[in-house]
S.K.: 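Please find one structure pasted underneath; my questions will follow.
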Amino acid sequence: ELGLDDHSIDLLVALSRQLGNALANALAYQRVKRDEEQYQRMIEASPDVMYTALPNGSFLFISPQVALLTGYAPRDFYRNPSLWLSLVHADDKKVVLGRTTRLEEAGDTIVSEYRLIPKGKAAPKWVRDELSLRRDATGTVSAVTGVVTDVTRGGWASLGGLQSGDLILRIQEEPVA
C-alpha cells in the first residue's frame with residue numbers, strides 16, 4: 001500500500017491531466033507542422049507567384065517564385081511596399097493604381113493583365129494578376145490574396161495589335177463569374 005493522502009491523489013490526478021494535455025498539444029503541433037510543410041512544398045512547386053497583402057500594398061507574404069519573375073527576392077518586397085508598383089510598365093501603371101484605389105467598390109475577385117519590367121531592364125513580362133478580397137465584418141477590405149502568372153508566351157502579349165492600356169481596362173471591368 002502506498003499510503004497516499006487525498007492531497008497527493010489530487011496532485012497526481014492534476015499532473016496526469018497536464019501530461020495528457022501536453023501529449024495532445026504535442027500531437028497537434030506535429031500535425032500542424034506536417035500540414036505547414038506540405039503547404040510550403042505546394043507553394044514552392046507552383047510556377048506562379050502567390051501573395052497576401054494589405055490594401056495599402058504592404059506584402060504579408062509573397063512566394064519565392066517572385067525572384068524568377070522580377071529578379072527581386074521576397075524580402076525586397078517586404079522592405080519596400082511600393083517595389084511591385086515600380087516594376088509595372090509605365091503605360092499600365094494608371095490601371096494598376098486604379099484597381100488598387102477602387103478595392104472597396106470591387107467584387108470579391110479582380111483579374112487584370114499588365115506588364116512588369118524585371119530587374120536589370122529585361123524585356124517586359126505580361127502577367128495575369130488574379131486577386132481575391134478578404135473583408136472584415138463591416139465589409140471593409142482587410143487583405144488581398146492573389147496569384148500572379150507569367151502569360152508572356154501565348155497570353156495577351158500574342159494579341160500584338162491591341163493597345164495594352166485598352167486591353168487592361170477592358171479585362172479589369174469584366175466581373176469574374
Side-chain angles (χ1 to χ4, degrees), residues 1-88 96-114 116 118-119 125 127-151 172 175-177:
E1 188 172 315
L2 294 175
L4 297 174
D5 61 12
D6 286 345
H7 177 69
S8 296
I9 292 172
D10 290 344
L11 186 60
L12 287 172
V13 168
L15 183 58
S16 32
R17 280 190 191 127
Q18 288 300 323
L19 287 173
N21 288 339
L23 181 59
N25 286 339
L27 292 172
Y29 174 78
Q30 285 179 337
R31 284 191 301 271
V32 168
K33 185 171 173 54
R34 182 191 67 228
D35 291 348
E36 181 182 357
E37 288 168 354
Q38 181 179 2
Y39 175 72
Q40 187 67 29
R41 283 191 303 273
M42 192 171 62
I43 286 175
E44 289 173 358
S46 172
D48 298 330
V49 175
M50 297 175 206
Y51 65 90
T52 301
L54 296 174
N56 68 7
S58 296
F59 285 97
L60 300 173
F61 170 79
I62 191 162
S63 64
Q65 289 77 352
V66 74
L68 297 173
L69 181 66
T70 67
Y72 292 94
R75 70 179 172 278
D76 297 322
F77 292 92
Y78 298 134
R79 291 178 185 157
N80 181 359
S82 62
L83 178 57
W84 188 270
L85 186 59
S86 74
L87 300 176
V88 174
V96 173
L97 277 171
R99 174 189 79 172
T100 304
T101 58
R102 294 194 314 259
L103 288 178
E104 295 299 332
E105 304 161 16
D108 290 339
T109 303
I110 302 171
V111 178
S112 55
E113 296 199 9
Y114 52 90
L116 287 178
K119 187 178 192 177
K125 293 184 180 183
V127 296
R128 174 185 169 92
D129 190 351
E130 184 169 348
L131 56 92
S132 298
L133 304 176
R134 281 194 277 165
R135 298 179 187 273
D136 62 18
T138 66
T140 302
V141 175
S142 59
V144 176
T145 301
V147 177
V148 176
T149 304
D150 184 349
V151 294
Q172 183 172 337
V176 174

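Quick note: residue numbers are just sequence positions, from 1.
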S.K.: How long is the span from the CG atom in L116 to the CH2 atom in W84, to the nearest 0.5 Å?
M.R.: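 So the gap between those two atoms works out to 5.0 Å.
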
S.K.: Do you know the tightest heavy-atom contact between S63 and V49?
M.R.: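 Here S63 and V49 meet closest at OG-CA, 3.4 Å.
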
S.K.: What heavy-atom pair brings Y72 and K119 nearest, and what distance separates the two atoms?
M.R.: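 Of all heavy-atom pairs spanning Y72 and K119, the closest is CE1-CB, 3.6 Å.
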
S.K.: What pair of heavy atoms forms the shortest contact from L133 to G107, and how long is it?
M.R.: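 Taking L133 first and G107 second, the nearest heavy atoms are CD1-O, 3.1 Å.
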
S.K.: Any idea which heavy atoms bring A73 and A67 closest together, and the distance?
M.R.: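 Looking at all heavy atoms of both residues, the shortest contact is CA-CB, 4.4 Å.
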
S.K.: In this structure, are over 12 heavy atoms from other groups packed under 6.0 Å from D6 atom CG?
M.R.: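 No, CG of D6 has 12 or fewer neighbouring heavy atoms, counting only those of other groups under 6.0 Å.
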
S.K.: Find the distance between CG (D150) and OG1 (T70) and round it off to the nearest 0.5 Å.
M.R.: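 Answer for the CG-OG1 pair, D150 versus T70, is 11.0 Å.
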
S.K.: Which atom pair, heavy atoms only, marks the closest approach of K125 to L68?
M.R.: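 Minimum heavy-atom separation between K125 and L68: NZ-O, 3.3 Å.
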
S.K.: Any donor-acceptor pair under 3.5 Å linking the side chain of Y78 with the backbone of I62?
M.R.: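 Present.
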
S.K.: Is there a donor-acceptor contact under 3.5 Å linking the side chains of T149 and D48?
M.R.: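 On atom types as modelled, these side chains qualify, holding a pair under 3.5 Å.
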
S.K.: Hey, what do you get for CG (N80) to CG (D76), rounding to the nearest 0.5 Å?
M.R.: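 Taking CG in N80 and CG in D76, the distance rounds to 8.5 Å.
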
S.K.: Working to the nearest 0.5 Å, report the span between CG of L131 and OG1 of T109.
M.R.: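 So the CG of L131 and the OG1 of T109 are separated by 7.5 Å.
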
S.K.: For F59 and Y51, take the angle between the two ring planes, folded into 0 to 90°, and tell me which bin it lands in: parallel under 30, tilted 30 to 60, perpendicular over 60.
M.R.: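 Because their plane-to-plane angle is over 60°, the rings of F59 and Y51 count as perpendicular.
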
S.K.: Give the minimum heavy-atom separation between T138 and D136, together with the two atoms involved.
M.R.: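 The pair with the smallest heavy-atom distance is OG1-OD1, 2.7 Å.
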
